[in-house]
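All remarks here apply to the structure that follows.
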Number of protein chains: 2
Amino acid sequence: MRKVFLFMDTIINKVDAKGRVSLPSDYRAIVKELSSEIVCYRSLSAPCIEGCLEETLDKLATDIENATDFFSETQDNLTNLVFGDARRFTFDSTGRINLSEKLLQHAQITDTAVFVGKGRKFQIWNPQNWQKEEARIRAEVLKNRPSLNIKREAE
Amino acid sequence: MRKVFLFMDTIINKVDAKGRVSLPSDYRAIVKELSSEIVCYRSLSAPCIEGCLEETLDKLATDIENATDFFSETQDNLTNLVFGDARRFTFDSTGRINLSEKLLQHAQITDTAVFVGKGRKFQIWNPQNWQKEEARIRAEVLKNRPSLNIKREAE
DNA sequence: TGGTATAGCATGGTATTTTATGGGATTCAA
DNA sequence: TTGAATCCCATAAAATACCATGCTATACCA
């Protein structure tokens, strides 16, 4: 596995009648080092699909196990919500995945999808929704310059 | 054996008159790497069936040993409840297991079963019950956003 | 710098495989 | 011998892999 891997850039691709979309080739290059699978799930906080490597979710599973008790309600709730929603999507030789109805509906995607890199994860948006969301984020950043402060708080 | 294996997604399958259910193919793929057996038991906290690899229960046994005293009532109770209830279920060439009456009754399952991935484990629910449970969990998580806090605590 | 060749990519269509599930046969135990 | 559990076979539907084409971005050369 490569030491450095980041999902980046914003790419627009078509979704055909069967729900097939080409995963951007840059993204594929990252995944291909391990397998030909990507994990997708409905974002908890926004009307979009999120994607990442299975490895990333595996880390989360371990984190949850370490942070909560086997019999605790919190562990139950979290694992149900996260893993109950996530699913593996394998892409074929041409690099397409077949998104499920559930995911497409949640993101209000019909015939076009926008892939937005987020580092270890990426998101898939309806083009109009993404346009609005990006404007909103930019406006907020201009007001508050939040990024650096937030990092300090967390450390 | 694969480095990463997670039970994911939510899948609805039919239960026939004999009590047979297809284990979702993704789940089978995970199990098949080791054997053709899965362990199931009645959930301690919810009206559903829980399933996992025997390996996972083995880890739990170790955890219980480490966390409680050999002679303690807690260890007694836990081990009785978990291991007294658990049973191996082998699936046939078409991938079906034959759930026992005891398990089906506990989960109120008659003709349809919902498999819910939970990472290292999965659950089997009655469809209506799962629908309610999922709504409850989502509402609770949206109120508290527990995931991030828990992660911080663990670090 | 400008123009052309080439390789890679997205996308539409088609073929193949896998999977869920019903029904029946067989085995084993009571 | 009867009942229950397990195994095997058949089928329809859905998921997935493969093939072919047109386009775009990149590389190469004059």
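As the structure is a prediction and not an experimental result, all values here were calculated from the model. Order of the sequence lines sets the chain letters (A, B, ...), proteins ahead of strands, with each chain counted from 1. What's counted below: heavy atoms across the whole structure, side chains too, no hydrogens, waters or symmetry copies.
- With hydrogens and angles ignored, no donor-acceptor pair closer than 3.5 Å exists between the side chain of B:Lys14 and the base of C:dT19.
- Note: A:Phe122 and A:Phe7 have perpendicular aromatic rings, judged against thresholds of 30 and 60 degrees for the angle between ring planes.
- Note: the hydrophobic cluster containing A:Val39 also contains A:Leu60 (ILVMFWY, side chain heavy atoms under 4.5 Å, direct or indirect links).
- For the pair A:Arg87 and B:Phe91, nearest-nucleotide mapping onto DNA chain D gives the more 5' position to B:Phe91.
- Spacing between atom CG of B:Asp92 and atom P of C:dG24 amounts to 17 Å, rounded to whole angstrom units.
- Across the protein-nucleic acid pair, B:Ile97 atom CD1 and C:dT21 atom P stand 13 Å apart, rounded to whole Å.
- Remark: B:Ser25 is not in phosphate contact with C:dT18, judged by side-chain N or O atoms under 4.0 Å from OP1 or OP2.
- Figure legend: A:Lys32 and A:Phe91 shown without cation-pi pairing, the cationic atom not lying both under 6.0 angstrom from the six-membered ring centre and within 45 degrees of its axis.
- Contact annotation: A:Thr90 reaches the phosphate of D:dA17 (side-chain N/O to OP1 or OP2, under 4.0 Å).
- At whole-Å resolution of the value, NZ in A:Lys18 and C1' in D:dA17 are 11 Å apart.
- We find that NZ of B:Lys102 is positioned 18 Å from C1' of D:dA4, with the value rounded to whole Å.
- Atom P of nucleotide C:dA10 and atom CG of A:Leu99 are separated by 14 Å, given to the nearest angstrom.
- If you check every strand for non-hydrogen atoms under 4.0 Å, A:Asn98 touches a base.
- Side-chain heavy atoms closer than 4.5 Å link hydrophobic residues (I, L, V, M, F, W, Y) into clusters, and following such links, even through other members, never connects B:Ile12 to B:Phe115.
- In this structure, A:Arg96 atom CZ and D:dA20 atom P are separated by 14 Å, rounded to whole Å.
- In plain terms, the two heavy atoms of A:Cys48 and A:Ala107 that are nearest each other are CA-CB, 3.8 Å.
- Rounded to whole angstrom, the span from the CZ atom of B:Phe89 across to the C1' atom of D:dA4 amounts to 15 Å.
- For A:Arg28 against C:dG8, no side-chain N or O and base N or O form a donor-acceptor pair under 3.5 Å.
- Taking atom CZ of residue B:Arg20 and atom C1' of nucleotide C:dT21, one finds them 8 Å apart after rounding to whole Å.
- Residue A:Asp16 is classed as a sugar-phosphate contact, given heavy-atom separations below 4.0 Å to backbone atoms only.
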